[in-house]
Amino acid sequence: MTEEDKILEEFTRSEYKYGFTSNIEQELLSKGLSEETVRFISAKKDEPEWLLEWRLKAFRHWQTLREPKWPKVEYPPIDFQDISYYAEPKEKKKLDSLDDLDPEIRSTYEKLGIPLEEQKMLAGVAVDAVLDSVSVATTFKETLAEKGVIFCSMSEAVQNHPELVRKNIGSVVPYTDNFYAALNSAVFSDGSFCYIPAGVRCPMELSTYFRINAANTGQFERTLIVAEEGSYVSYLEGCTAPMRDENQLHAAVVELVAHKDSEIKYSTVQNWYPGDKDGKGGIYNFVTKRGICKGDRAKISWTQVETGSAITWKYPSVILKGDHSIGEFYSVAVTNNYQQADTGTKMIHLGQNTKSRIVSKGISAGKSNNSYRGLVKISRKARNARNFSQCDSLLMGDQCGAHTFPYLEVSHPSAIVEHEATTSKIGEDVLFYCQQRGINEEDSVALIVNGYCKEVLNNLPMEFAVEAQKLLAISLEGSVG
Amino acid sequence: MLSIKDLHVSIAGKEILKGLNLEVKKGEVHAIMGPNGSGKSTLASVLAGREDYEITKGEIYFHQQDLTEWDPDVRAKEGIFLAFQYPVEIPGVSNANFLKTAVNEIRKYKGLDPLTAVDFLKLIKEKARLVELDASMINRSVNEGFSGGEKKRNEIFQMAVLEPELAIMDETDSGLDIDALRIVSDGVNHLRSDDNAFVVITHYQRLLNYIVPDVVHVLHDGKIVRSGDKSLALELEEKGYDWIKSDPASAV
């Protein structure tokens, strides 16, 4: 058996353990990273010359960089030559019915209240003709096309809208930005591209569509959203359903470009495999997400609910370039068992009268570590900039850690910057009070935690807020008592 | 309904209750009075199932079943309600959501279907009127930013919604002004029936002018040292607790 086969077998076995019996047949590129690899990927995708050049520049730059060590997370060194950088998914073996699905996964779906048809899609069950995901997706696409909204995979965008991609890719997160952004730029597999023309309010949450197509997002995902003047879009990434993936390292890049008077609302629910109770396995999620409010009065709002992954390392940020532009960051990060999260945001105020708001709720249980790391920077030209930050940590048990690293750089005297932080333990008094009213311990914890996160959950699209609430409860099961 | 026999309870190794006996029947209101540190609140906490309280000896039966076997939420589902002396705040959880969860958990335990949103709303509106609770309070987070009096009233409101068989009121009157005291008492009197019972823990005779008890017990040093009708409360008020303290033997 070759090394690759061994790994594949191991992955499929471990996947089976957690429920997905589908074997993904893949065309794998042999392990290792070199210019050849980059050329191979680009050629495989039939990319234009400029993109290959860009990838190569990124790769060369990456070679000069070292893995960042500053996050408060610990993991064994990653051998970047021991990863296969291209895997083309071929076909997923379909299950005949949901009855074939692991009961544990199924019960999770049910706890989350995911509609039956969606359960089937997530589990890879063949769906009946009427609800076939392709036809549903087609309907969505037609609705979007009427408005001139482009929503497709990054690969398709490179082929069909090369100028839009060329103009915007790397404009917010240049490949020189950081180690993982450079790596992603060199080898990104695919991702989503979204373009909202001037004056258009995107007629639907770009979520339902996305969920159906969320299956093979790949290891080095790249997403680009461009909102032209006066447009609006709400985009939801991820899924509350537990996502298993055969790749341990995920290094995605998300770029948002908001022009004058436009608004981008980007919501994430992340529930990737966090590793087992002893901290074995689990996904490393090293993501660079950044948006730019390019024009005046533009608004970018990040909302995230992070419950999964062994290690989360992400700082969705906003560059407030346009005058009167607004940046928001609402986050709930839950860590349990041995999970580690180092997450937060950066708000870079460049324009005048810019405003930013940060609400971060960290919940740590088990032996996990949860850190908030944030930067608020008011530049010399940002007259009358305002920021409000609130960073709360909730501890469950006495073996977990919560840390807050707020950085402030203020270079204009008119700035008003407020930072509030609290750390609390889930009180026995409060738990007892709930129990005394007939609510069992686990439901009490769920109730209290959801109350604690309300301000963030309220920013999620309705259907996801409900699922996210249940997800929080599931993530914290067994963390008390 | 409730039968406590020779109950000994310790907290952190210190014995608080030292052989307490109490029988409460359906339809009765029992008042438990006593000086600070006599064990009144310990009794309330033990009945509700609070951790940290160790029963070293004795028995507690509720409807002939051993109460001590049950988790706190099971006790609540079986019909025991504690009106807290210091109700806690639960930020971000609305009163309505909190009570709906509680009502439906209890209904589930009893094998009943959950209340529909409409029926639930009707129920809480009706009960809110009973304790003159402003409707806007229902949508506010549980006890968050409530005044002391509002918190106590909210306890009685919850009691009204959950309709327990046995309600234990732990110094509900403390910190209430005369109007709030009347509202709380009216609420309790309205809920009194032949099918339920109340254990009213209080320092002061004042409350018992409003909620007239069938039996008054005086708790001293972890034991009930004297029981009688409502006149005992008046006598106690007149003579003060020193009367019991100085000569507990003669009081028995």
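Note that this is a predicted model, so its numbers are computed, not measured. The sequence lines fix the lettering, A, B, ..., with proteins before strands; numbering per chain opens at 1.
Of the inter-residue distances, the one linking Asn440(A) atom CG with Tyr109(B) atom OH reads 12.0 Å to the nearest 0.5 angstrom. To the nearest 0.5 angstrom, Glu105(B) atom CD is 5.0 Å from Asp443(A) atom CG.
If you measure heavy-atom distances from Pro87(B) to chain A, the contacts under 4.5 Å come from both the backbone and the side chain. At a 4.5 Å heavy-atom cutoff, the contact between Arg50(B) and chain A is made by backbone and side-chain atoms alike. For Asp52(B), the part lying near chain A is the side chain, with the backbone staying farther off; criterion is any non-hydrogen pair under 4.5 Å. Of the two parts of Leu162(B), only the side chain, counted from C-beta on, holds a non-hydrogen atom closer than 4.5 Å to a non-hydrogen atom of chain A. Proximity to chain A is absent for every atom of Glu78(B), based on heavy atoms less than 4.5 angstrom apart. Neither the backbone nor the side chain of Cys453(A) comes within contact range of chain B; no heavy atoms are under 4.5 Å apart. With a 4.5 Å cut-off on non-hydrogen atoms, Asn458(A) does not touch chain B at all. Heavy atoms of Val142(B) lying under 4.5 Å from chain A belong exclusively to its side chain.
For Lys355(A), the NZ atom counts as loosely surrounded, since its 6.0 Å shell holds 12 or fewer non-hydrogen atoms of other residues, nucleotides or ligands. The neighbour count for Tyr86(B) OH, taken as heavy atoms of other residues, nucleotides or ligands under 6.0 Å away, does not exceed 12. Enclosure of atom NE2 in His63(B) by more than 12 non-hydrogen atoms of other residues, nucleotides or ligands within 6.0 angstrom is indicated. Glu428(A) CD: 12 or fewer foreign heavy atoms inside a 6.0 Å radius. Atom CG of Asp66(B) has more than 12 neighbouring heavy atoms from other residues, nucleotides or ligands inside a 6.0 Å radius. No more than 12 heavy atoms of other residues, nucleotides or ligands sit less than 6.0 Å from atom NZ of Lys367(A).
Here the closest non-hydrogen pair linking Gln436(A) and Ala76(B) is O-CB, 3.0 Å.
Your options are Gly427(A), Ser444(A), Gly451(A), Cys434(A), and the one with the most heavy-atom pairs under 4.5 Å with chain B is Gly451(A).
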Should Ile90(B) and Leu447(A) be marked as a side chain to side chain contact (heavy atoms under 4.5 Å, CB included) after you check the CA-CA gap, both sets of side-chain angles, and the distance that decides it?
CA-CA 9 Å; Ile90(B) 315 177; Leu447(A) 195 73; 5.5 Å; no

For Asn450(A) and Val93(B): C-alpha separation, side-chain torsions, deciding distance, then whether side chain to side chain contact (heavy atoms under 4.5 Å, CB included) applies.
CA-CA 8 Å; Asn450(A) 277 314; Val93(B) 179; over 6 Å; no

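In this pair, Phe98(B) and Tyr433(A) present their aromatic rings parallel. The plane angle is below 30°, not in the 30 to 60° band.
Checking side-chain atoms of Arg437(A) against main-chain N and O of Val103(B) turns up no donor-acceptor pair under 3.5 Å. Looking at Glu441(A), its side chain never comes within 3.5 Å of a backbone N or O of Asp73(B) through a donor-acceptor pair.
Put simply, the side chain of Pro72(B) reaches to within 4.5 Å of the side chain of Phe432(A), judged on heavy atoms.
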